[in-house]
Amino acid sequence: MVRITSVIPKTYQDRVIAPSLLAADFSCVGDEVSRAILAGADWLHMDVMDGHFVDNISFGPAMVQTVHESNDIYLDVHLMISRPDHYLPRFVAAGADMITVHVEAEHDVAETLRRIREAGCEAGLALNPATPLGAVEPFLDQIDLLLCMTVVPGFGGQAFMSEVLEKITDAVKIRAAKNLTFHIEVDGGIDAITAARCFSAGANVMVAGSSTFRAPSMVDAVIAIRNA
Ligand code: DX5
Ligand code: ZN
């Protein structure tokens, strides 16, 4: 396998396309990651599920480490686990660049975010569609990314929930009022059509699983989302 380097720092004003590894062919993960990079992916989104916080089990730190060792793409690790504080050091050691934890999980959110940054990673905070923006407001000055879930997390291939768009526009307003610079990411049911609506609302990071890895042409799919 050829090692590919592709890490360009991004700001909240950049469009970032992050294919989700959950939709890749697990029988050849390294090649799938290379395929995503060659298709123009900016980041690789990695969905960690513990079978407790969500009703599915995906992969853990060993997978993050394998991908980290095989390629240099920026690793956007989304922890859908009940105790992110407990497992945090393992994901840091595995080579995660961004570590996103859920506000609904069982931990001291401020302390976990502080530890993520202290470890040299970027810190993301996620909220489920049913969770109001007020739940993350106390932490906005501690994060590099706000992940507004656009499906109930757990499975790829679900339909986009357009009611989340209002949360995105509200988050943009609060970010401006507080002079902050965190990315706004959306995850779930993103394709070129729903991405257009999310970009318009003010999100800049598009996580896309099925619509990229399972597209007839991944490069065309990434371009279509970027230009949505
Ligand atoms: C959902 C995951 C997503 C998922 C998105 O629980 O967090 O990242 O992989 O998959 P698609 O793009 O297929 O909806
Ligand atoms: Zn995700």
Side-chain angles (χ1 to χ4, degrees), residues 16-26 29 32-33 35-36 39 41-61 63-64 67 73-82 84 87 91 96-105 116 122-131 136 143-165 167-168 183-199 203-216 218 220-222 224-226 228:
V16 176
I17 315 302
S20 173
L21 191 69
L22 198 62
D25 180 348
F26 284 9
V29 170
E32 286 286 80
V33 177
R35 191 161 73 89
D42 302 292
W43 296 356
L44 184 75
H45 187 81
M46 299 190 74
D47 287 308
V48 177
M49 304 178 178
D50 66 353
H52 187 254
F53 184 75
V54 292
D55 187 27
N56 195 7
I57 299 175
S58 58
F59 47 74
M63 177 71 102
V64 176
V67 172
I73 192 166
Y74 182 98
L75 299 182
D76 174 33
V77 177
H78 176 194
L79 299 184
M80 284 163 276
I81 65 178
S82 294
Y87 291 98
F91 288 98
D97 292 293
M98 174 80 71
I99 298 181
T100 297
V101 296
H102 270 262
V103 72
E104 303 90 355
I116 294 172
E122 294 198 279
L125 187 59
L127 75 175
N128 288 336
T131 304
V136 296
I143 62 172
D144 302 294
L145 176 145
L146 180 69
L147 167 51
C148 295
M149 290 304 302
T150 44
V151 295
V152 176
F155 297 90
Q158 302 184 75
F160 177 78
M161 295 170 66
S162 51
E163 57 267 40
V164 179
L165 290 167
K167 199 185 279 181
I168 297 168
H183 297 278
I184 299 177
E185 178 175 72
V186 286
D187 182 5
I190 301 297
D191 57 18
I193 292 165
T194 53
R197 301 176 72 191
C198 293
F199 280 133
N204 70 300
V205 183
M206 301 293 135
V207 174
S210 318
S211 72
T212 57
F213 275 105
R214 297 188 185 173
M218 193 165 180
D220 289 350
V222 171
I225 295 171
R226 197 184 300 286

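Only a predicted model underlies this, so the values are computations on that prediction, with no experimental measurement involved. Counting starts at 1 for both ligands and their atoms, in listed order.
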- Glu32 and Asp25 have their tightest heavy-atom pair at OE2-N, 2.7 Å
- Message: So if I apply the side chain to side chain contact (heavy atoms under 4.5 Å, CB included) rule between Leu44 and each of Val77, Asp97, Val67, Val207, which one comes out positive?
- Response: Val67
- Protein residues near ligand 1, heavy-atom distance below 4.0 Å? Ser20, Leu22, His45, Asp47, Met49, His78, Met80, Met149, Pro153, Gly154, Phe155, Gly156, Gly157, Asp187, Gly188, Gly189, Val207, Ala208, Gly209, Ser210
- Say whether His78 and Asp76, considering side chains only, have a donor N or O and an acceptor N or O under 3.5 Å apart. no
- Met206 side chain near Cys198 side chain, heavy-atom distance below 4.5 Å: yes
- State the atom name: nearest N, O or S atom of His78 to the Zn ion (ligand 2). ND1
- Message: Side chains of Ser20 and Asp187: any donor to acceptor distance under 3.5 Å?
- Response: no
- Compute whether any side-chain donor of one residue and acceptor of the other, for His102 and Glu104, lie under 3.5 angstrom apart. yes
- What angle sits at the Zn ion (ligand 2) between OD2 of Asp187 and OD1 of Asp47, to 10°? 160°
- Item | Contact summary for Leu22 and Gly156, nearest pair of heavy atoms | CD2-N, 4.0 Å
